[in-house]
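Working notes for the structure below.
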Amino acid sequence: MKTRIFITLFLTILIANCGFSPIYISNQKPINVLKVEIIGDKNLAFELEKKLNFTKGGSSADQYSFKAQIYDSSESSLIDSRGIPTEEIIKLTISYQFEDKNGVTVYQDSISKDKRVAVTDNIPNNNLVKNNEKRQLLDSIVQNISFKTRLMLK
């Protein structure tokens, strides 16, 4: 029992003083964006801007312009014996860049995600499924953009 307490106490002291600091902390300085330009599907562009939730304003020294392009595509990946697609791959790509107040690109990147989706004879249902999958892919890309941006611009 004494050994267990000693090991727990030792590990607690070691971890507390090793210099570890969490990446996701709530008191990080927000990214100030002066202007947002997103080219592509209007619904996805609106969702992207809403989910990124950049801070507007701030001091002029640390303001950026955010420019992005959204590309979405789908292609048949599995075809049955009648030649009708039964599965599609939905791909969502976002290329983005941050520019400083002088128009110089500070950081740029491109992120792609894809997912396989079953296709049926019900076209309206297929469109709903594809749109939901695109939103889920967008959520994942937004997390990557937020993480990478906080690392690169700070």
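Note that these values count all heavy atoms, side chains included, but never hydrogens, waters or copies made by symmetry.
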Open item on the list: To the nearest 0.5 Å, what is the distance between OG on Ser112 and OH on Tyr71?
Closed with: 10.5 Å
Task: Tyr107 side chain reached by Asp109 side chain, heavy atoms, under 4.5 Å - done: yes
TODO: Kindly indicate whether the side chain of Ile90, heavy atoms from C-beta on, has any atom under 4.5 Å from the side chain of Lys134.
DONE: yes
Task: Pairwise distance OG(Ser74) to CG(Asp114) - rounded to 0.5 angstrom - done: 12.0 Å
Task: Minimum-distance pair of heavy atoms, taken over all atoms of Gln97 and Thr105 - done: OE1-OG1, 3.9 Å
Task: Heavy-atom side-chain contact between Tyr96 and Lys148 under 4.5 Å - done: yes
Open item on the list: Please report the interatomic distance CG(Leu44) to CG(Leu92), rounded to the nearest 0.5 Å.
Closed with: 6.0 Å
- [ ] Check whether any side-chain heavy atom of Thr149 lies under 4.5 Å from a side-chain heavy atom of Phe66, and answer yes or no.
- [x] no
TODO: Would you give the length of the straight line joining atom CG of Asn126 to atom CG of Asn122, rounded to the nearest 0.5 angstrom?
DONE: 6.5 Å
Task: Euclidean distance, Asp41 CG relative to Ile70 CD1, rounded to 0.5 Å - done: 7.0 Å
Task: Glu88 and its side chain to side chain donor-acceptor pair (under 3.5 Å) partner, picked from Lys115, Lys130, Arg116 - done: Lys130
Open item on the list: What's the separation between atom CG in Leu138 and atom NZ in Lys50, rounded to the nearest 0.5 Å?
Closed with: 10.0 Å
Open item on the list: Check this for me: does any side-chain nitrogen of one of Lys91 and Asp72 sit under 4.0 Å from a carboxylate oxygen of the other?
Closed with: no
Task: From Ile38, Ile39, Thr93, residue fulfilling side-chain contact (heavy atoms from CB on, under 4.5 Å) relative to Gln69 - done: Ile39
- [ ] Please check if the distance between the ring centroids of Phe54 and Phe98 is under 6.0 Å.
- [x] yes
